[in-house]
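A short write-up of the structure that comes next.
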Number of protein chains: 2
Amino acid sequence: MKPDDILIDYFSKLVYFENFDHNVLRELVSHAQRFVFASNEIIFLEGEPAKGLWLIEQGRVKIYKLNPEGREHVLRIFGDKDTFNDIPAFDNGVNPVNAMSLSDSTLWMLPCAIFQDLILRDAHFAMRVIRILSQRVRGLITQIEELTLYSVIVRVARFVLKQANDPVLIGEGVTRAVIASYLATTPQTISTALRELEQAGAIVFDRHRIMIIREDILRSIAML
Amino acid sequence: MKPDDILIDYFSKLVYFENFDHNVLRELVSHAQRFVFASNEIIFLEGEPAKGLWLIEQGRVKIYKLNPEGREHVLRIFGDKDTFNDIPAFDNGVNPVNAMSLSDSTLWMLPCAIFQDLILRDAHFAMRVIRILSQRVRGLITQIEELTLYSVIVRVARFVLKQANDPVLIGEGVTRAVIASYLATTPQTISTALRELEQAGAIVFDRHRIMIIREDILRSIAML
DNA sequence: GTATCGACTTCGCCTAGATGAAGTTGATAA
DNA sequence: TTATCAACTTCATCTAGGCGAAGTCGATAC
């Protein structure tokens, strides 16, 4: 395959472009730019005009907010084949969040302008975007629910269950500090919670791996 | 005007249907059903199949989540001319949240089925839906930010500022308990926070009204 | 007028979880 | 092999804010 074909093949696996016409994809791909980031580099900042939609070829990226004192809240962690910062591509607004690489990462960036045109030209693409955004809203509602209505130990238990189905949440760059910031708590409190889950017989863990021993116990602590 | 024309006129003021073709609106309106709720009635529950998109002719409605112990978190408060529960109309899913009237309310319900058809037929309507959903996502991100990165007094200060620009957040049904549940705190803590804002010279208040005295002070406490 | 009732306030106590400090561990490099 | 360093753990202390109890206030009903 030519380099372009590899890229097209790769794009056609993304949630936005599944089963997409390859000629349209070829056109899209021709506008894509490739970026390489080292670990812990800022990709973009909240409030800046958005460059475009980002795709992760390989690596880990955190999406986060900062308060004036510099405290951080991680909204999401993305990995291979994920896309992020789509919102500005749809509403022409500025970046709603900050983005930083958690590991050495290879990314692609697709300029915003392309999207709005595509939405107006292709009703089925528009419908797909609407479905994706609807799922996003549901996900954010769930995040708010978990943050406001459940204690740290419940949130940690749910996170461990989530990790089991999402390899992105394990591995390079996903440190206790990042998990803590994602669960709106501290690394120390995560440690304590994991120890409690272990004493309850739900998991065993060391600093690299968390293993679920009794999913039923874990789920009951997670109130699921 | 005939009753139908009043309704069409009313629909044409909603964010989804501004500047809409009146013939299409007439068709839409013909499927709408009217509902009257007393104060504190359940309109629908999370997890139920969605009846449709709701419109508030007059009244107040809270959208909320409950945890297994019955603790509540209010996600949003809606009032006259607002619409809610649009998500299931786009993705055919179940209700993501619970809804309850906060006052005697008159509502309209527009069956889901109509929307998807409209999206596929009208690219500009689809674009409008995408813009609305994008704004929704931005709003939810802001909510998460405020809940995780700011203390109660900051959240209360921001709420008071929000009230000044949004009459929906004042008046019948919007009790301390509802505000507390919206800010993920308790009525007692709201009282304490308001007293602190008063002592700082930012506001004066009694149990019915909060008046901003020095917006600059309030904004600085709100960290804005 | 007085009774009732729900919303609001105030106060005291209490706890989940934040914070800071002092290790421990394990990976990488010299 | 040893030094370094970042990530992680553990523990002691502290505090924001939750919670229960006891008023207060003001609207509505009688």
Side-chain angles (χ1 to χ4, degrees), chain A residues 38-40 60 62 67 69-74 102-104 146-157 159-160 170-199 203-211 221 223, chain B residues 38-40 60 62 67 69-74 102-104 146-157 159-160 170-199 203-211 221 223:
Chain A
S39 193
N40 295 311
R60 292 273 188 296
K62 74 176 172 191
N67 77 2
E69 281 108 46
R71 209 171 72 215
E72 173 195 281
H73 178 70
V74 171
L102 291 175
S103 68
D104 296 351
E146 296 193 343
L147 291 167
T148 55
L149 293 177
Y150 296 93
S151 65
V152 168
I153 185 124
V154 173
R155 303 208 295 275
V156 171
F159 184 82
V160 172
I170 310 176
E172 211 198 326
V174 187
T175 62
R176 289 274 186 281
V178 172
I179 298 172
S181 172
Y182 177 69
L183 298 179
T185 180
T186 61
Q188 293 97 315
T189 304
I190 301 255
S191 276
T192 309
L194 287 174
R195 192 62 65 208
E196 274 176 62
L197 293 178
E198 191 171 64
Q199 274 155 12
I203 63 168
V204 292
F205 76 104
D206 62 26
R207 66 184 55 205
H208 301 298
R209 208 185 309 267
I210 303 170
M211 261 179 53
I221 295 174
M223 307 183 89
Chain B
S39 193
N40 295 311
R60 292 274 188 294
K62 74 177 172 192
N67 78 1
E69 281 107 47
R71 209 171 72 216
E72 173 195 280
H73 178 69
V74 170
L102 291 175
S103 68
D104 296 350
E146 296 193 342
L147 291 168
T148 56
L149 294 176
Y150 296 93
S151 64
V152 168
I153 184 123
V154 174
R155 302 208 296 276
V156 171
F159 183 83
V160 172
I170 311 175
E172 211 199 326
V174 186
T175 62
R176 288 275 185 282
V178 172
I179 298 172
S181 171
Y182 177 68
L183 299 179
T185 181
T186 60
Q188 293 99 312
T189 303
I190 301 255
S191 276
T192 308
L194 287 174
R195 191 63 64 208
E196 275 175 61
L197 293 179
E198 191 172 63
Q199 274 155 12
I203 64 168
V204 290
F205 76 104
D206 62 27
R207 65 185 56 203
H208 302 297
R209 208 185 309 266
I210 302 169
M211 260 180 53
I221 295 174
M223 307 183 90

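Atoms considered below: every heavy atom in the structure, side chains included; atoms not considered: hydrogens, waters and symmetry mates. In this text the structure is predicted, and so the values were computed from the model without any measurement. Labels below follow one simple rule: chain letters A, B, ... track the order of the sequence lines, proteins then strands, and each chain is numbered from 1.
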Original post:
Does A:Arg195 have a side-chain nitrogen or oxygen under 4.0 Å from the phosphate oxygens OP1 or OP2 of D:dT9?
Top reply: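 It does not, given that no N or O in the side chain of A:Arg195 lies less than 4.0 Å from OP1 or OP2 of D:dT9.
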Out of curiosity, [X] [atom1] to [Y] [atom2], how far, rounded to the nearest 0.5 Å?
{"X": "B:Asp206", "Y": "B:Met211", "atom1": "CG", "atom2": "CE", "answer": "10.0 Å"}
{"X": "B:Ile153", "Y": "B:Leu197", "atom1": "CD1", "atom2": "CG", "answer": "4.5 Å"}
{"X": "B:Glu198", "Y": "B:Ile210", "atom1": "CD", "atom2": "CD1", "answer": "10.5 Å"}
{"X": "A:His73", "Y": "A:Thr185", "atom1": "NE2", "atom2": "OG1", "answer": "11.5 Å"}

Counting C-beta onward and ignoring hydrogens, is there a side-chain heavy-atom pair between [X] and [Y] closer than 4.5 Å?
{"X": "B:Arg60", "Y": "B:Val178", "value": "no"}
{"X": "A:Leu194", "Y": "A:Val160", "value": "yes"}
{"X": "B:Val152", "Y": "B:Leu183", "value": "no"}
{"X": "A:Ser151", "Y": "A:Val154", "value": "yes"}
{"X": "B:Leu147", "Y": "B:Arg155", "value": "yes"}

Subject >> Non-neighbouring partners of A:Asp104 that pass side-chain contact (heavy atoms from CB on, under 4.5 Å), sequence neighbours left out >> reply: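 Listed in chain order: A:Ala38, A:Ser39.
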Subject >> For chain B, the stretch of DNA chain C it reaches, first to last nucleotide, under 4.0 Å of its heavy atoms >> reply: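 Contact boundaries, 5' end first: C:dA7 to C:dT10.
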Euclidean distance, atom [atom1] of residue [X] to atom [atom2] of [N] [Å, nearest integer]:
{"X": "B:Glu69", "N": "D:dG18", "atom1": "CD", "atom2": "C1'", "value": "14 Å"}
{"X": "B:Ile179", "N": "D:dG17", "atom1": "CD1", "atom2": "C1'", "value": "18 Å"}
{"X": "A:Asn40", "N": "D:dA6", "atom1": "CG", "atom2": "C1'", "value": "11 Å"}
{"X": "B:Ile153", "N": "D:dA16", "atom1": "CD1", "atom2": "C1'", "value": "12 Å"}
{"X": "A:Glu172", "N": "D:dA6", "atom1": "CD", "atom2": "P", "value": "16 Å"}
{"X": "A:Arg209", "N": "D:dC8", "atom1": "CZ", "atom2": "P", "value": "14 Å"}

Check nucleotides 23-26 of chain D for protein N or O atoms closer than 3.5 Å to its own N or O atoms and list the pairs.
| from | atom 1 | to | atom 2 | distance (Å) |
| --- | --- | --- | --- | --- |
| D:dC25 | O2 | B:Arg207 | NH1 | 3.2 |

**OP:** Using five pairs at either end of the helix from C:dG1-D:dC30 to C:dA30-D:dT1, determine the angle between the two local helix axes and round it to 10 degrees.
**Re:**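 Inter-axis angle at the ends, rounded: 30°.
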**OP:** Would you confirm whether B:Glu72, through its side chain, and B:Ser181, through its main-chain N or O, come within 3.5 Å as a donor-acceptor pair?
**Re:**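 Here the side-chain-to-backbone pair does not exist.
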Subject >> Short side-chain to backbone donor-acceptor contact, B:Arg71 and A:Thr148, under 3.5 Å >> reply: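 Such a contact is found between B:Arg71 side chain and A:Thr148 backbone.
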Subject >> Residues within residues 185-192 of chain A bordering DNA chain C, heavy-atom distance below 4.0 Å >> reply: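 Listed by number, they are A:Thr185, A:Thr186, A:Gln188, A:Thr189.
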Original post:
Which part of the nucleic acid, if any, lies within reach of A:Ala184 when heavy atoms closer than 4.0 Å are counted: base, sugar-phosphate only, or nothing?
Top reply: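 Sugar-phosphate: the residue A:Ala184, judged by heavy atoms under 4.0 Å, touches backbone atoms but no base.
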**OP:** Taking only the side-chain heavy atoms of A:Thr175 (C-beta and beyond), determine which of D:dG17, D:dT9, D:dA7 contains the nearest atom.
**Re:**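 When the side chain of A:Thr175 is considered, D:dA7 is the closest of D:dG17, D:dT9, D:dA7.
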Subject >> Set of residues satisfying salt bridge (charged side-chain N to carboxylate O under 4.0 Å, His left out) with respect to A:Glu196, sequence neighbours excluded >> reply: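 Checked A:Glu196 against salt bridge (charged side-chain N to carboxylate O under 4.0 Å, His left out); zero matches.
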Subject >> Taking every non-hydrogen atom, the tightest pair across B:Pro187 and B:Ala180 >> reply: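 Shortest heavy-atom separation between B:Pro187 and B:Ala180 comes out as N-CB, 3.4 Å.
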